[in-house]
A.B. asks: 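Sharing a structure below in structure tokens format, with a few things to ask.
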Amino acid sequence: MAKLKLTGKELRKIGYPEGPVISVAITVMEQHYKHHSSADALALLSNILQDPAAFSSDEQLSKIAEKLIVPVSEEIALLPAPMHYAVYGSEFIEDGAIRQMDYAMRLPVTAAGALMPDAHQGYGLPIGGVLAVRGAVIPYGVGVDIGCRMCLSILDIPSAELEKKAAVFKRELIDGTVFGAGGAWKTMLEDEVLEDPAFSEIGLLRHLHAKAVAQLSTSGSGNHFVEWGLVDVTDLPGVSPGRYLGLLSHSGSRGLGAQIAGYYTKLAQEICSLPREVQHLAWLDLSSEEGQEYWTAMNLAGDYASACHHQIHKRLIKAVGGSLLARVENHHNFAWKEIHNGEELIVHRKGATPAGSGVLGVIPGSMTAPGFIVRGRGEPGSLDSASHGAGRQMSRSKATQSFTASGLAKLLSEHKVKLIGGGLDEAPGAYKDINAVMNAQDSLVDVVGKFYPKIVRMADGSGPRED
DNA sequence: ATGTCC
């Protein structure tokens with residue numbers, strides 16, 4: 001007999017509401033009613049929807065019923081005015097980002113916040129926003145690409161080799177990376193992170209394991225990149241000042257993190273009823289089962305993103321016959337438990353680099369502008385944070401209209417940069433001037449080195465769909 | 001950012 005297979009679409013068609021009930025219903029039915037026909041299963045689900053209370057004593061079906069019995073929850077009130085927060089480089093920051101941060105500073109769980117000089121409008125918390133809250137975690141305060149991070153390897157290969165053997169470095173970059181939204185390696189790779197017990201402990205993660213396996217060590221799309229370049233080290237522990245050959249990558253947790261973010265954001269919005277303008281800032285209580293699950297899943301996505309970078313670096317470094325002198329890496333979409341002013345807080349950095357005292361990080365520029373290796377100054381006003389890049393000054397669609405392929409080619413040639421993939425939406429002019437952004441945060445970080453991209457790979461730019 | 005819900 002064929003195993004029961006249900007889709008969210010079918011459930012919505014018979015009137016099931018958006019939210020966790022869809023996935024719970026699919027899971028329960030496929031596990032415990034697998035020999036039912038699809039029509040019988042849907043009929044049963046329809047009955048549960050009509051009168052959920054009648055199924056509340058059924059061992060399995062009660063799981064679906066209780067998701068349908070939505071308690072009337074009172075809307076949580078915001079503070080009448082935003083708490084004060086520091087803004088770095090306010091002259092670069094669009095009003096929309098300030099407005100969003102003002103709302104975040106009115107949540108009753110908020111303890112402190114700050115806005116970085118690359119800030120721009122996002123969903124919920126602005127990109128470049130830092131928000132510290134008490135006893136809760138906000139899935140959209142972390143963002144969709146959980147654990148999106150930078151990883152820089154400084155190699156023992158003489159820097160002049162990059163130009164001399166450019167064709168080899170380019171070929172290995174193409175052969176050694178996978179880009180694109182659905183991107184996956186053809187052969188299955190292994191990694192310790194795939195054995196993480198969280199994959200078997202949390203229902204959602206069990207279902208995402210196969211996707212995580214397939215997408216391990218891939219880069220995704222958008223502003224993600226892997227690039228060879230020149231590193232000028234001025235003050236990095238264990239590395240003599242000078243010029244080196246380096247590998248820099250920017251990517252996150254792929255479909256795994258995106259699905260975790262989506263699922264727990266929906267869940268948070270159901271549990272935490274907020275005024276419409278701030279509903280994307282819905283939080284999960286850290287002491288609740290849901291909050292703890294998100295925390296575990298978020299940390300897994302962070303470890304997964306890190307593992308992806310390490311795999312990419314290991315493969316490429318081996319391919320060009322180098323060895324590692326030093327590595328600098330950091331998440332910039334994540335939440336951490338930190339002590340600020342003697343109090344443990346959950347600090348969300350959504351597009352912000354950790355910059356506690358002495359903490360190293362990488363802040364990328366663009367394909368033609370240098371990235372910066374930085375050492376945090378531990379500035380309390382920024383909650384130990386700095387920007388995560390130059391920040392967009394133009395939407396993707398506007399950039400596509402504003403720039404031309406020939407103009408981009410000329411710019412790349414002037415900077416002696418080779419670009420594989422990429423698109424006008426990622427043209428350097430779409431970003432703020434990284435030097436101005438760095439000046440605006442000189443109280444937050446010290447610059448200890450610079451990275452000049454030379455051979456850059458990105459996903460193919462957005463264009464007409466080919467499928 | 002992901003690729004349209006396990």
Side-chain angles (χ1 to χ4, degrees), chain A residues 3-13 16-34 41 45 63-64 67 120-128 139-150 178-184 198-215 218-225 250-267 269-270 280 293 297-298 301-302 304-305 308 331-334 350-351 388-389 392 395-396 423 425-426 458-462 465-467:
Chain A
K3 256 170 86 183
L4 176 66
K5 195 83 192 139
L6 293 170
T7 64
K9 205 172 169 183
E10 290 172 313
L11 267 64
R12 276 194 302 273
K13 205 171 167 186
Y16 268 65
E18 279 300 335
V21 67
I22 302 256
S23 51
V24 169
I26 291 173
T27 307
V28 168
M29 296 309 286
E30 289 182 355
Q31 277 177 9
H32 300 281
Y33 290 79
K34 57 183 160 200
L45 286 171
K63 294 177 190 167
I64 303 171
K67 292 287 178 194
H120 53 105
Q121 202 172 333
Y123 265 108
L125 196 64
I127 320 295
Y140 255 142
V142 170
V144 172
D145 192 3
I146 300 171
C148 186
R149 68 195 328 257
M150 302 302 305
V178 168
F179 278 81
F199 274 120
S200 50
E201 287 164 6
I202 296 176
L204 174 71
L205 298 181
R206 274 198 292 277
H207 293 289
L208 293 175
H209 187 258
K211 185 192 276 284
V213 171
Q215 296 189 325
T218 62
S219 295
S221 59
N223 57 3
H224 290 176
F225 60 75
H250 176 209
S251 53
S253 52
R254 310 289 288 103
L256 172 68
Q259 301 263 333
I260 293 169
Y263 177 84
Y264 287 98
T265 291
K266 263 186 189 169
L267 198 55
Q269 287 180 9
E270 292 196 354
H280 284 122
E293 265 192 16
M298 178 197 77
Y304 178 80
C308 288
H331 289 327
H332 53 219
N333 282 5
F334 212 62
K350 186 186 189 183
H388 82 310
R392 294 195 83 89
S395 68
R396 290 182 180 280
D425 51 342
E426 285 296 325
M458 302 187 82
D460 292 334
S462 57
R465 288 175 69 93
E466 291 175 64
D467 54 349

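The figures that follow rest on heavy atoms only: side chains count, while hydrogens, waters and symmetry mates do not. No experiment lies behind these values; they were computed from the predicted model shown. Order of the sequence lines sets the chain letters (A, B, ...), proteins ahead of strands, with each chain counted from 1.
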A.B. asks: Quick one: Asp145(A) CG to dT2(B) P, roughly how many Å, whole number?
C.D. replies: 6 Å
A.B. asks: In Å, rounded to the nearest 0.5 Å, how long is the span from CG of Asp145(A) to NE2 of His331(A)?
C.D. replies: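 Result: 11.0 Å between the selected atoms.
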A.B. asks: What contact category does Lys5(A) fall into here, base, sugar-phosphate, or nothing, at under 4.0 angstrom with non-hydrogen atoms?
C.D. replies: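 Result for Lys5(A) = nothing.
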A.B. asks: Is a donor from one side chain sitting under 3.5 angstrom from an acceptor on the other, for His332(A) and His250(A)?
C.D. replies: yes
A.B. asks: Rounded to whole angstrom units, what separation is found between the NZ atom of Lys266(A) and the P atom of dC6(B)?
C.D. replies: 10 Å
A.B. asks: Once you apply a heavy-atom cut-off of 4.0 Å, does Gly220(A) come out as touching a base, just sugar-phosphate, or nothing?
C.D. replies: sugar-phosphate
A.B. asks: What is the distance, rounded to the nearest whole Å, between atom NZ of Lys9(A) and atom P of dC6(B)?
C.D. replies: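 Nearest whole value for this atom pair: 14 Å.
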A.B. asks: In whole Å, I'd like the distance from the CD1 atom of Ile22(A) to the P atom of dC6(B).
C.D. replies: 11 Å
A.B. asks: On DNA chain B, compare the nucleotides closest to Gln259(A) and Ser221(A); which residue's is nearer the 5' end?
C.D. replies: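 Upstream on the strand: Ser221(A).
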A.B. asks: Please state how far atom CD1 in Ile64(A) lies from atom C1' in dC6(B), giving the value in whole angstrom units.
C.D. replies: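 After rounding, the gap between these two atoms is 13 Å.
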A.B. asks: Quick one: does Gln259(A)'s side chain have a donor or acceptor within less than 3.5 Å of a partner on Leu208(A)'s backbone?
C.D. replies: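 A pair under 3.5 Å: no.
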A.B. asks: Using only heavy-atom distances, determine whether the side chains of Tyr264(A) and Glu293(A) contain a donor-acceptor pair under 3.5 Å.
C.D. replies: yes
A.B. asks: Counting the atoms with a prime plus P, OP1 and OP2 as sugar-phosphate, which does Arg254(A) contact under 4.0 Å by heavy atoms, base, sugar-phosphate, or nothing?
C.D. replies: sugar-phosphate
A.B. asks: Quickly work out the Tyr263(A) OH to dT2(B) P distance and round it to whole Å.
C.D. replies: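 Tyr263(A) atom OH is separated from dT2(B) atom P by 22 Å.
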A.B. asks: In whole Å, I'd like the distance from the CG atom of Leu208(A) to the C1' atom of dT4(B).
C.D. replies: 14 Å
A.B. asks: Mind checking if Glu10(A) touches a base, just sugar-phosphate, or nothing, with heavy atoms under 4.0 Å?
C.D. replies: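 Since no nucleic acid heavy atom lies under 4.0 Å of Glu10(A), the category is nothing.
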A.B. asks: Can you check the Lys63(A) NZ to dC6(B) P distance for me, whole Å?
C.D. replies: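 Rounded to the whole Å, the gap is 19 Å.
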